[in-house]
Peer 1: 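I am attaching a structure below and will ask some questions about it afterwards.
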Amino acid sequence: MNLHGTPLSIIIFALFVATVLFLSFFFARKAKSAAGYYAAGGQIHWAVNGISFAGDYLSAASFLGICGMIATLGYDGFLYSIGYLAGWVVALFVVAEPMKRMGKFTFTDALDAKFDSRGIKLAAAISTLVVSICYLIPQMNGAGSLVEPLLGLPHWVGVILVGAIVIVIVSAAGMTSTTYVQFLKGGLLLIFSTILVGFVLTRGLSTEPLGLDGGAPGGEMTVQATESQLQEQGYALRHTTGSLQKYDRDGTTTWWKREADGTLWRAQWSSGDQVNGVVGGVLEPVGRLRRIGGLSEAEAAAGTGPVGPLAFLAHLTHPDTRVEQWQKQAVTDEKDAKYTVYSPKTVSGTDEMKPGVKFKVHTTTEKLNFVSLMLALFFGTAALPHILIRYYTVPSPACARKSTIVAIASIGFFYVLTLFMGLGAAVNGTVNPADNNMSAPLLAMSFGGVLFAIISAIAFATVLGTVAGLIVAASGAVAHDLMDRFGRMELTDRQKVRAGKLAAFAVGIVAIVLGIVFRGINVSFLVGWAFAVAASANLPAILMLLFWKRTTAAGIVASIIVGIVSSLGIILTGPEMFAGPYGLTAEQAWHPLGQPGIISIPLSFLALIVVSLVTKNRRVAVEA
Amino acid sequence: MLHGPARPSGPDPASGYKTRLGVAMFIVYCVVYAGFVLTSVVAEGRAMQVIVVAGLNLAVVYGFGLIVFALLLALVYNHLCTRKERELNVTPGDKGAGA
């Protein structure tokens with residue numbers, strides 16, 4: 001898939017960046033105080049704050065990651081949409097107003113409001129930094145993925161570009177400029193995602209998708225054959241591994257996927273610097289419907305034409321529908337040469353549109369992993385530091401509540417759209433089999449360069465808005481929580497702002513480095529872990545502080561530390577890390593649990609309760 | 001667009017009512033959400049593939065339902081909270097400065 005930036009995409013991108021930078025410098029004059037820098041002066045209108053919440057929250061994980069996961073795995077990707085949105089219920093009903101009442105600049109302020117404990121300041125600041133960095137990695141990674149096709153620049157350049165722009169935004173006017181960048185991004189994302197879904201429904205469903213540039217995905221390649229047909233065409237079988245078969249013809253290697261009925265489907269491969277037999281070659285975009293259920297043969301051949309949203313989903317859900325899902329496998333051939341093979345698998349509409357492809361629920365461990373993930377998504381939102389600090393940007397608890405409702409409406413609407421965008425990419429031949437994060441922008445490309453340029457610029461803005469929020473949260477943790485309050489440096493108002501700007505610069509550099517190192521992992525999957533850490537480290541402390549009068553400062557500190565250590569410990573010793581970054585196998589992992597929430601969240605609660613009961617006398621002393 | 005110092009909120013006599021209401025609604029949503037998770041897990045999630053309305057299966061209908069239900073509960077919550085605040089004459093800086 002060889003994509004290069006068009007002049008139009010570069011112009012739209014440059015216009016957007018110029019607007020964002022103008023906003024930042026415009027507000028820089030208005031955010032000289034610490035309150036202005038860290039909390040936008042607490043004067044943001046609740047409706048603006050609500051859309052800014054959407055701009056803050058709808059990150060690369062939501063736009064790129066979820067759409068990509070739905071495009072390659074079907075309904076399982078939509079589970080993230082459901083969980084992410086459900087988390088806002090916790091934020092609204094339990095957290096919003098108390099956080100506004102108790103806090104000033106950071107999440108640590110609220111936790112520490114009753115105690116004035118240095119331990120809480122330190123633990124909560126560390127938690128903020130850990131969660132923010134877990135969240136930053138996939139955002140920066142997504143930025144790199146976007147810049148490659150948008151501007152024709154390498155991945156690492158995209159990461160550095162995002163880092164540099166965000167450092168300027170945050171350093172210029174902190175939360176004030178960040179708020180308006182997020183507002184702009186949130187609004188644009190909602191509008192143009194709706195337009196993209198409108199295009200998808202207007203095109204309808206077809207078994208002959210147009211692909212990116214009007215040619216069917218797969219290009220000129222034969223995509224389906226029987227073994228005898230291949231032999232007639234001069235292909236010679238060289239190697240079989242599982243359902244994958246390697247055939248050579250005229251010195252050219254091809255890989256094929258054998259289905260249960262004996263049909264062979266053309267796979268794609270990479271090995272060293274070769275892709276599909278071409279040095280420096282590129283993978284073809286994939287994803288198509290092989291059969292449309294609920295239509296006669298003649299109707300199916302013609303495609304549905306424009307279709308309503310419910311009919312679109314109903315056709316895809318039909319038991320007779322057949323969809324391609326692409327998988328990646330590392331294999332070796334008869335000469336022990338290593339290949340990465342991308343092969344299609346046919347699934348029915350029934351399987352495409354229900355949970356179970358990625359998140360299987362056959363064994364007890366699989367069930368625990370599934371429940372654990374849904375638990376982390378539900379409890380994670382209300383514990384994300386960059387979300388919580390947005391409650392300080394409005395004037396009152398009532399405004400905090402109202403802005404959360406605007407957020408639920410806009411974010412919920414967007415998550416409904418993700419299902420259509422992801423499935424749209426899956427059946428329109430616009431999925432990069434090696435990197436599903438680009439599915440939504442590539443879907444836009446199939447409707448023309450203008451929409452692609454706009455959607456890509458918005459996707460880039462998506463990263464900017466979220467990264468800016470994360471860096472504000474992280475810089476607040478360093479400058480306000482650690483330096484000023486924990487370190488008792490007693491900074492003046494002006495020094496606090498300066499310290500915040502320096503911290504933003506440092507965190508930005510760290511984010512750039514991590515974004516380059518962690519290239520290619522699905523962004524939504526990584527964010528799922530950030531949610532697990534936030535839900536384990538922060539939420540038990542917030543809930544117990546609000547609803548259990550025996551909570552002590554030591555209990556909160558213990559809860560945060562146990563939450564961080566247990567959630568990160570389970571992730572780092574689990575099968576996903578062994579099979580992924582460690583380069584080992586999932587079987588070598590210390591335990592089979594991929595998602596930590598089901599263990600780490602209760603552990604964090606337990607730690608808080610036990611330590612609070614043990615340190616009961618100290619609570620009395622402080623309160624007295 | 002004002003960006004002056006953050007101002008502290010005054011006392012809120014409706015906070016007790018809002019907390020109780022919030023917790024009650026949170027529990028209601030928790031139960032519905034837990035139902036979704038359990039339905040996905042029990043019997044390997046086969047219930048999720050049952051077509052329930054307009055050609056859509058339970059997975060899609062329940063998933064969309066959770067999103068819409070969250071918004072409905074949020075609107076009801078806000079309505080009840082606002083009514084109680086008016087009843088108790090709470091004016092905690094309800095209007096933000098225009099943006």
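Reminder, nothing fancy here: chain letters follow the sequence lines and each chain counts from 1. None of these values were measured; they are calculated from a predicted model.
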Peer 1: Chain B heavy atoms under 4.5 Å from A:Phe379: which part of the residue, side chain, backbone, both or neither?
Peer 2: side chain
Peer 1: Taking side chain as C-beta onward, heavy atoms only, is A:Val90 less than 4.5 Å from B:Tyr33?
Peer 2: no
Peer 1: Could you check A:Val89, A:Leu85, A:Ile408 and say which one makes a side chain to side chain contact (heavy atoms under 4.5 Å, CB included) with B:Leu71?
Peer 2: A:Ile408
Peer 1: Quick check on B:Phe69 against chain A: is it the side chain, the backbone, both or neither that has a heavy atom closer than 4.5 Å?
Peer 2: neither
Peer 1: Which pairs would a plain distance check flag for residues 45-60 of chain B, meaning a side-chain donor or acceptor within less than 3.5 Å of a matching protein atom at least two apart in sequence or in another chain?
Peer 2:
{"unit_1": "B:Asn57", "atom_1": "OD1", "unit_2": "B:Ala59", "atom_2": "N", "d": "3.3"}
{"unit_1": "B:Asn57", "atom_1": "OD1", "unit_2": "B:Val60", "atom_2": "N", "d": "2.9"}
{"unit_1": "B:Asn57", "atom_1": "ND2", "unit_2": "A:Met353", "atom_2": "O", "d": "2.8"}

Peer 1: Let me know if A:Ile411 has heavy atoms under 4.5 Å from chain B in its side chain, its backbone, both or neither.
Peer 2: neither
Peer 1: Could you have a look at B:Ile67, B:Leu21, B:Leu75 and say which one has the most heavy-atom pairs with chain A under 4.5 angstrom?
Peer 2: B:Ile67
Peer 1: Evaluate the side-chain proximity of A:Phe93 to B:Leu73: yes if any heavy-atom separation is below 4.5 Å, no if none is.
Peer 2: yes
Peer 1: About how many Å separate CG of A:Leu92 and OH of B:Tyr77, when rounded to the nearest 0.5 Å?
Peer 2: 5.5 Å
Peer 1: Which distance, rounded to the nearest 0.5 Å, do you find between the NZ of A:Lys367 and the OG of B:Ser40?
Peer 2: 11.5 Å
Peer 1: Using a 4.5 angstrom heavy-atom cutoff, name the option from B:Val41, B:Val42, B:Val23, B:Thr19 with the most pairs to chain A.
Peer 2: B:Val41
Peer 1: A:Ile82, A:Thr179, A:Leu316: which one forms the most heavy-atom pairs within less than 4.5 Å of chain B?
Peer 2: A:Ile82
Peer 1: Show the nearest heavy-atom pair for residues B:Val37 and A:Phe370, with the distance to one decimal.
Peer 2: O-CE2, 3.8 Å
Peer 1: Measure A:Val371 against the heavy atoms of chain B and call it side chain, backbone, both or neither at under 4.5 Å.
Peer 2: both
Peer 1: With chain B as the partner, which of A:Gly412, A:Ser81, A:Ala47, A:Ala86 has the greatest number of non-hydrogen pairs under 4.5 Å?
Peer 2: A:Ala86
Peer 1: By a 4.5 Å heavy-atom criterion (distance strictly below it), what part of A:Leu79 contacts chain B: side chain, backbone, both, or neither?
Peer 2: side chain
Peer 1: Could you check whether B:Phe64 and A:Tyr415 have their ring centres less than 6.0 Å apart?
Peer 2: no
Peer 1: Using heavy-atom distances under 4.5 Å, tell me whether A:Phe547 contacts chain B through its side chain, its backbone, both, or neither.
Peer 2: side chain
Peer 1: I need the full list of side chain to side chain donor-acceptor pair (under 3.5 Å) pairs touching residues 88-99 of chain A, with sequence neighbours left out, sorted by first then second residue.
Peer 2: A:Glu97-A:Arg401, A:Glu97-B:Lys18
